[in-house]
Amino acid sequence: MNKFIPLCIPNFEGNEEKYVNEAVAQGWVSTGGAYITQLEEEMAKYLHVEKAVACQSGTAAIHLCLVQCGVGPEDGVIVPTLTFIAAVNPVKYQFAHPIFIDCDDSLCMDPKKLLAFCKEQCEFTDGKLFTKEGHHHIKAMVVVHVFGNMADMEAIMDIAKTYNIRVIEDATEALGTSYTSGKYKGMYAGTIGDFGAYSYNGNKVITTGGGGLLVAKDTEEAKHLQYLSTQAKDDHIFYIHHEVGYNYRMTNVQAALGVAQMEELEEFLSRKRKNYELYKKGFENAKNISVMEFREGTNSNKWFYSLNIDMDKLKINARELVETLSEKGVGTRLIWGLIAEQKPYVKDLRTDLSTAKYYAARILNIPSSTGITEEEIDYVIKTVKEVVEENSL
Ligand SMILES: *Cc1c(COP(=O)(O)O)cnc(C)c1O
């Protein structure tokens, strides 16, 4: 193979150009226009919610949800550590304090460690949960559905209810993931908690170039968030504003791309799921490589595929592994470094993060674009196996 197989690139097989050209031809290129409302309506229908709010990015969507939860200076927000930093940065935008909780083997938040933290390291008084250290009022938590897997929402929602914590689901990687059994059967990632945030960044399941969307359990709250996202305009003739708003609305050009991508969502999901099975089969019985599973009782969107490799058993380090694969035409990436260990976060509260540390040293993501061919998948499997084998101690 003399072609480079990228990790995850967008796929424009449908009406993308047509709709974008229409938006441009009509002159509706900014934060007004019919494609924005169309995308919101289609997403709301798809997710079985009343209202969806299109945003500039997934990060903006998460930020707005924190604002709606009333998170401000000195408040605490429970967050994960093994994920993309955009899930946590908005906590700092509000001058609040992130509190890092470990993941479980799904790579999502560990409800056992979450409960232990609430019980042992906090005080619950007058319906409010405060950290013993620092006396931060924990108003919200950000739960990330990592790589399209579903966090254990049954356990997490029970804890949130007990301690009066609002739940923001970061479903930026999990559009299309749903429960197939249990209490939340039929419900999509992002629609179980109080709020859900989605991203249409270029590497996500569908893209608008850059963009995001949010939903809320309470439609009135979703409406308020839409108001905040459009500069909190109370009267557009006299320019009256009763609150501090944001310029977080999606543009019509982005939404035109999004509407075209929505037409292909089911097809993209079915390819992602089919290709995952090909990888699973291909890596069966491979030495020192296993394919990470997705939660039972859910139908994951299978956004990213993760290999679990014991890097200590290799002669080369993880960086060299990525570089060697890249030279052979296979685009891969390591999982993120822990957020709790990044410079802006080293002083923040945390629990034992041993599971996150364990997986941070082992996970390698492999090509997952919806346009990848079976031949390319075979090449990835063969090449990864060979490189790992050749460099084993
Ligand atoms: C992509 C992503 C985001 C942010 O989405 P943007 O649209 O890029 O702002 C947030 N959290 C996680 C876990 C992500 O993967």
Side-chain angles (χ1 to χ4, degrees), residues 7-10 36 39-40 43 52-67 77-94 98 100-101 103 106-109 140-151 153 156 167-177 189-190 193 195-215 225 229 246-251 253-255 257-258 261 272 292 294 300-306 333-340 342 345 356 359-360 363 365 368-369:
L7 182 71
C8 191
I9 53 167
I36 307 173
L39 181 62
E40 288 177 332
M43 278 291 289
V53 179
C55 302
Q56 280 289 346
S57 67
T59 312
I62 296 165
H63 185 201
L64 283 174
C65 295
L66 286 169
V67 171
V77 179
I78 287 171
V79 295
T81 184
L82 186 58
T83 192
F84 185 46
I85 201 159
V88 182
N89 280 340
V91 174
K92 293 269 184 185
Y93 303 167
Q94 291 304 104
F100 293 100
I101 304 282
C103 63
S106 72
L107 306 182
C108 306
M109 193 175 284
M141 66 170 102
V142 179
V143 177
V144 180
H145 300 297
V146 178
F147 297 148
N149 203 358
M150 182 84 84
M153 290 308 288
I156 289 170
V167 176
I168 300 165
E169 290 182 76
D170 177 337
T172 51
E173 302 179 355
L175 174 59
T177 297
F195 304 95
Y198 302 86
S199 167
Y200 301 118
N201 187 36
N203 65 353
K204 301 298 201 300
V205 174
I206 59 171
T207 185
T208 60
L213 182 126
L214 66 85
V215 299
L225 287 171
S229 78
Y246 300 83
N247 183 13
Y248 276 176
R249 186 111 178 115
M250 182 182 274
T251 70
V253 177
Q254 291 170 303
L257 261 182
Q261 291 269 287
K272 290 255 185 202
M292 293 286 285
F294 293 88
S300 164
N301 67 358
K302 310 240 161 58
W303 174 60
F304 257 32
Y305 315 126
S306 308
R333 62 160 222 197
L334 300 171
I335 199 168
W336 311 276
L338 300 196
I339 301 172
Q342 310 296 323
Y345 292 100
Y359 283 110
I363 300 291
N365 294 125
S368 63
S369 309

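Whatever order the structure lists them in is the order used to number ligands and atoms, beginning at 1. Values reported hereafter were calculated over all heavy atoms of this structure, with side chains retained and with hydrogens, waters and symmetry mates removed.
- In this structure, the protein non-hydrogen atom closest to atom 12 (C) of ligand 1 is Thr172 OG1, 2.9 Å.
- Near Ser57, meaning under 4.0 Å from any of its heavy atoms, are these atoms of ligand 1: 7 (O), 9 (O).
- Between the side chain of His145 and the backbone N or O of Ala151, at least one donor-acceptor pair lies under 3.5 Å.
- Interface atoms of ligand 1 facing Lys204, defined by a heavy-atom separation under 4.0 Å, are 1 (C), 2 (C), 14 (C), 15 (O).
- Checking Ser199 against Asn201 by side-chain atom types alone, no donor-acceptor pair falls below 3.5 Å.
- Taking the six-membered ring for Trp and the full ring otherwise, the centers of Trp336 and Phe147 sit less than 6.0 Å from each other.
- Using a 4.0 Å heavy-atom cutoff, Gly211 is listed among the residues neighbouring ligand 1.
- Thr208 places no side-chain N or O within 3.5 Å of a backbone atom of Leu257 that could act as its donor or acceptor partner.
- Considering only non-hydrogen atoms, atom 5 (O) of ligand 1 lies nearest to Ser199 out of Gly210, Ala197, Pro90, Ser199.
- Although no hydrogens or angles enter the test, the distance criterion places a donor-acceptor pair under 3.5 Å between the side chain of Trp303 and the main chain of Asn203.
- Here's the thing with Glu173: one of its N/O atoms is less than 3.5 angstrom from an N/O atom of ligand 1.
- Close approach of ligand 1 to Thr83 (heavy-atom distance below 4.0 Å) involves ligand atoms 13 (C).
- Ser306 and Asn365 share a donor-acceptor pair across their side chains, judged by distance under 3.5 Å alone.
- In terms of polar-atom proximity, Tyr200 is not counted as a contact of ligand 1, lacking any N or O under 3.5 Å from an N or O of the ligand.
- Side-chain N or O atoms of Ser57 include none that pairs as donor or acceptor with a backbone N or O of Gly212 at under 3.5 Å.
- Listed by number with element, the atoms of ligand 1 under 4.0 Å from a non-hydrogen atom of Val144 are 13 (C).
- Ligand-side atoms of ligand 1 in range of Gly58: 5 (O), 6 (P), 7 (O), 9 (O), range being under 4.0 angstrom from any heavy atom.
- Within the 3.5 Å criterion, the main-chain N or O of Leu338 finds a donor-acceptor partner in the side chain of Gln342.
- Closest to atom 11 (N) of ligand 1, if we only count protein heavy atoms, is Asp170 OD2, 2.7 Å.
- Note on Arg249 versus Glu40: salt bridge recorded, some NZ/NE/NH1/NH2 to OD/OE distance being below 4.0 Å.
- Here's the thing with Thr59: one of its N/O atoms is less than 3.5 angstrom from an N/O atom of ligand 1.
- Of all the atoms in ligand 1, the ones that sit under 4.0 Å from a non-hydrogen atom of Ala86 are 3 (C), 4 (C), 10 (C).
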